[in-house]
Participant: 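Starting off with a structure, shown below.
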Amino acid sequence: FRQFVEVLRAEFPSVPKSSLRVVDSEPCHLRVPVPLLTRMEEKGVCQQVRGALHRLQENLAIQPPSFRSLSIESSTVDSEYQRKSLLQQVLLPMLWSLSSCYQILDDTLSRQQHSTPVLLTPKSNLQSMTSRPANATKTRSKPEPPLGLLSLQQYTDIACVLEFTVCTSILPHLDPGILLPLDERIRYHLPKSLAGRIPRASLAWGATQRHEKEILEDTASTIANLVLLDRFRPMLLPRHLADIYAALLQLEHNNNSSDSQSTSQLSRLYRILGLQSTP
C-alpha cells in the first residue's frame, strides 16, 4: 500500500486545490494520461501483489476470487486498458488480500481467546503473587502490541488506496446526483490526513463517466469486505459507507433479473452488509 501511494506521489504533480476541476469528464490539468499500470509494473507493485496472492494460496490454501474479466476492445485507447487492468491486477487483489489476511488473523485470535481456560487462583497464592518486596524497583515492562497492529501511517496509506479505488471504480459508474461530483469531493471533502498524503490530481485519473456494472459490483463487495472488519470499521467505514450504499442503489437500478451472475453478486453484497435484498 505504501509503495502504491508513493508511485502516485511521484507521477502526479502537486497542484492547488482551486485548480482541480473535472471538465468534460477529463481532468483539465492532465494533458497526457499517466500510464499507472506501467509505472506500477516498473516499481514492482504488481509483482508484490502477485506474490501476496501466491503466498495466500500456498501457505493458507486460500483461493483468490476470480474477478470477472473486463472486456477491453482492441480499438480501446491505452488509458482505458491501463484503468481496467490496474483495477483487475492491482487494486482489487490488493484490497482482497488485506481483508483476507486480517479476517484469518481475527478469527484465529477469537478462537484462541474462547478456548483458553480461566484458572482460579487461591486467595493465599494471589496475595503472595501480588505482594511486592520492600526493595523492589518501580519498573514497568511495556506490554506486547497485539498481533497485526497497524501504525497510523499504514492506516493512512490503506485509506488513500481506498479513496483512489472509490474515485476510479465507483464514482464514475454512478448516475449524476447520487453522490457529490468528483471534483467537489476532491476539493472540499478530502480529509486532511489524506490530502497531505495522496495527490488530489491522482484521484481524477479515472474520472471519465462510465456504466460498467461488473466493475461496480466487484469494487463495492471488495471494499465492503475490508471496511466491515472490526479493526478497520471505526476509521474506514464512516468514510465509505455512503459509497457502498450508492453503489447498491445504482446496481439495483441497473439490475437485470435475467442475469443470474449479477443477481448472485448482489445477494452476496447484501449479506456482507447485513441487509435483506429487495425481491
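Bear in mind the structure is a predicted one, so any value in this text is a computation, not a measurement.
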Participant: Do the side chains of F12 and V7 get nearer than 4.5 Å, heavy atoms only?
Facilitator: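 With C-beta onward as the side chain, the pair stays apart.
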Participant: Donor-acceptor check, side chain of Q250 to backbone of D175, threshold 3.5 angstrom: yes or no?
Facilitator: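 Yes, because the side chain of Q250 sits within donor-acceptor range (under 3.5 Å) of the backbone of D175.
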Participant: Dump the intermediate steps for side chain to side chain contact (heavy atoms under 4.5 Å, CB included) on I244 and V227, then the final yes or no.
Facilitator: CA-CA 10 Å; I244 297 172; V227 300; 3.8 Å; yes
Participant: With a 4.5 Å cut-off on side-chain heavy-atom distances among I, L, V, M, F, W and Y, is there a chain of contacts connecting Y245 to L180?
Facilitator: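 Unlinked, Y245 and L180 end up in two clusters.
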Participant: Give a yes or no on whether the backbone of I186 and the side-chain of R200 come within a donor-acceptor separation of less than 3.5 Å.
Facilitator: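 It does hold such a pair.
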Participant: So R197 and Q153, do their side chains get closer than 4.5 Å, heavy atoms only?
Facilitator: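 With C-beta onward as the side chain, the pair touches.
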Participant: Tell me, with the steps shown, if L190 and L203 meet side chain to side chain contact (heavy atoms under 4.5 Å, CB included).
Facilitator: CA-CA 10 Å; L190 195 63; L203 299 177; 4.0 Å; yes
Participant: Tell me if the CD atom of Q57 is crowded by more than 12 foreign heavy atoms within 6.0 Å.
Facilitator: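 More than 12 heavy atoms, drawn from other residues, nucleotides or ligands, come within 6.0 Å of this atom.
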Participant: I want to check something: taking the side chain as every heavy atom from C-beta on, are L37 and Y81 in contact at a cut-off of under 4.5 Å?
Facilitator: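 They are in side-chain contact.
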Participant: Minimum heavy-atom separation for I170 to A247, with atom names?
Facilitator: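 Scanning both residues completely, I find the closest heavy atoms to be CG2-CB, 4.5 Å.
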Participant: Taking all heavy atoms of P93 and all of V49, pick out the closest pair and write down the distance.
Facilitator: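 Closest approach of P93 to V49, heavy atoms only: CB-CG1, 3.8 Å.
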Participant: With a cut-off of 6.0 Å (strictly less than), are more than 12 heavy atoms of other residues, nucleotides or ligands near CZ of R231?
Facilitator: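 Check passes, neighbour count above 12.
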Participant: Between E163 and R185, does any NZ, NE, NH1 or NH2 come within less than 4.0 Å of an OD or OE carboxylate oxygen?
Facilitator: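 Answer for the salt bridge query: yes.
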Participant: For A242 and L179, work out which heavy atoms get closest and say how close.
Facilitator: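 That closest heavy-atom pairing would be O-CD2, 4.2 Å.
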Participant: Mind checking whether D183 and Y188 have side chains closer than 4.5 Å, heavy atoms only?
Facilitator: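 Sidechains of Y188 and D183: no contact.
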Participant: Which pair of heavy atoms, one from G206 and one from P172, lies closest together, and at what distance?
Facilitator: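 Distance-wise, the nearest heavy atoms are O-CG, 3.2 Å.
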Participant: What is the minimum heavy-atom distance between A246 and L174, and which atoms define it?
Facilitator: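 Looks like O-CD2, 3.7 Å.
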Participant: So which heavy atom on T156 is nearest to which on L194, and how close?
Facilitator: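 Of all heavy-atom pairs spanning T156 and L194, the closest is O-CD2, 4.0 Å.
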Participant: Quick check: does any side chain N or O of S202 sit under 3.5 Å from a backbone N or O of P199, one acting as donor and the other as acceptor?
Facilitator: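 Indeed, once roles are kept as given, a pair shorter than 3.5 Å links the two residues.
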Participant: If we only count heavy atoms from C-beta on, is the F4 to L91 side-chain gap below 4.5 Å?
Facilitator: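 Yes; the side chains approach each other to less than 4.5 Å.
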Participant: Using atom types as modelled and distance alone, determine if a side-chain donor or acceptor of R233 lies under 3.5 Å from a backbone N or O of L228.
Facilitator: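 Yes, R233 side chain to L228 backbone: donor-acceptor pair under 3.5 Å.
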Participant: Between W205 and T168 (side chain of the first, backbone of the second, donor and acceptor by atom type, cut-off under 3.5 Å), is there such a pair?
Facilitator: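 No; zero donor-acceptor contacts below 3.5 Å.
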Participant: How long is the straight-line distance from OG1 of T165 back to CG of L86, given to the nearest 0.5 Å?
Facilitator: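 Between atom CG of L86 and atom OG1 of T165 there are 8.5 Å.
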Participant: If you round to the nearest 0.5 Å, how far is CG of L53 from CD1 of I62?
Facilitator: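 Spacing of CD1 (I62) from CG (L53) equals 10.5 Å.
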Participant: Measure from the side-chain N and O atoms of S99 to the backbone N and O of W96, and report whether any donor-acceptor pair falls under 3.5 Å.
Facilitator: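 Indeed, once roles are kept as given, a pair shorter than 3.5 Å links the two residues.
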Participant: Between F164 and V5, does the side chain to side chain contact (heavy atoms under 4.5 Å, CB included) criterion hold? Intermediate values first, please.
Facilitator: CA-CA 10 Å; F164 181 86; V5 176; over 6 Å; no
Participant: Answer yes or no: is there a donor N or O on one side and an acceptor on the other, between the side chain of Q154 and the main chain of S151, under 3.5 Å?
Facilitator: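 Checked: pair present.
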Participant: Thinking salt bridges, do K43 and E11 make one under a 4.0 Å N-O criterion?
Facilitator: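 Between E11 and K43 there is no salt bridge, as every charged N stays at least 4.0 Å from the carboxylate O atoms.
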Participant: Nearest 0.5 Å, what's the CD-CD distance between Q3 and Q47?
Facilitator: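 The CD atom of Q47 is 11.5 Å from CD of Q3, to the nearest 0.5 Å.
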Participant: Rounded at 0.5 Å granularity, tell me how far CG in L226 sits from OG in S221.
Facilitator: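 So the gap between those two atoms works out to 11.5 Å.
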Participant: Taking the side chain from T219 and the backbone from L216, do they hold a donor-acceptor pair closer than 3.5 Å?
Facilitator: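 No: the side chain of T219 does not pair with the backbone of L216.
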Participant: Once rounded to the nearest 0.5 Å, what's the spacing between atom CD1 of I215 and atom CZ of R83?
Facilitator: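 If we round to the nearest 0.5 Å, I215:CD1 and R83:CZ are 4.5 Å apart.
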Participant: Just by distance, do the side chain of R2 and the backbone of D157 share a donor-acceptor pair under 3.5 Å?
Facilitator: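 Such a contact is absent between R2 side chain and D157 backbone.
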Participant: Does C46 offer a backbone N or O that forms a donor-acceptor pair with the side chain of Q89 under 3.5 Å?
Facilitator: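 No; zero donor-acceptor contacts below 3.5 Å.
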Participant: If I take atom CZ from residue R39 and atom CD from residue Q82, how far apart are they, to the nearest 0.5 angstrom?
Facilitator: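 Those atoms lie 8.5 Å apart.
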Participant: Side chains of I223 and L236, heavy atoms from C-beta outward: is any pair under 4.5 Å?
Facilitator: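 No; the side chains remain at least 4.5 Å from each other.
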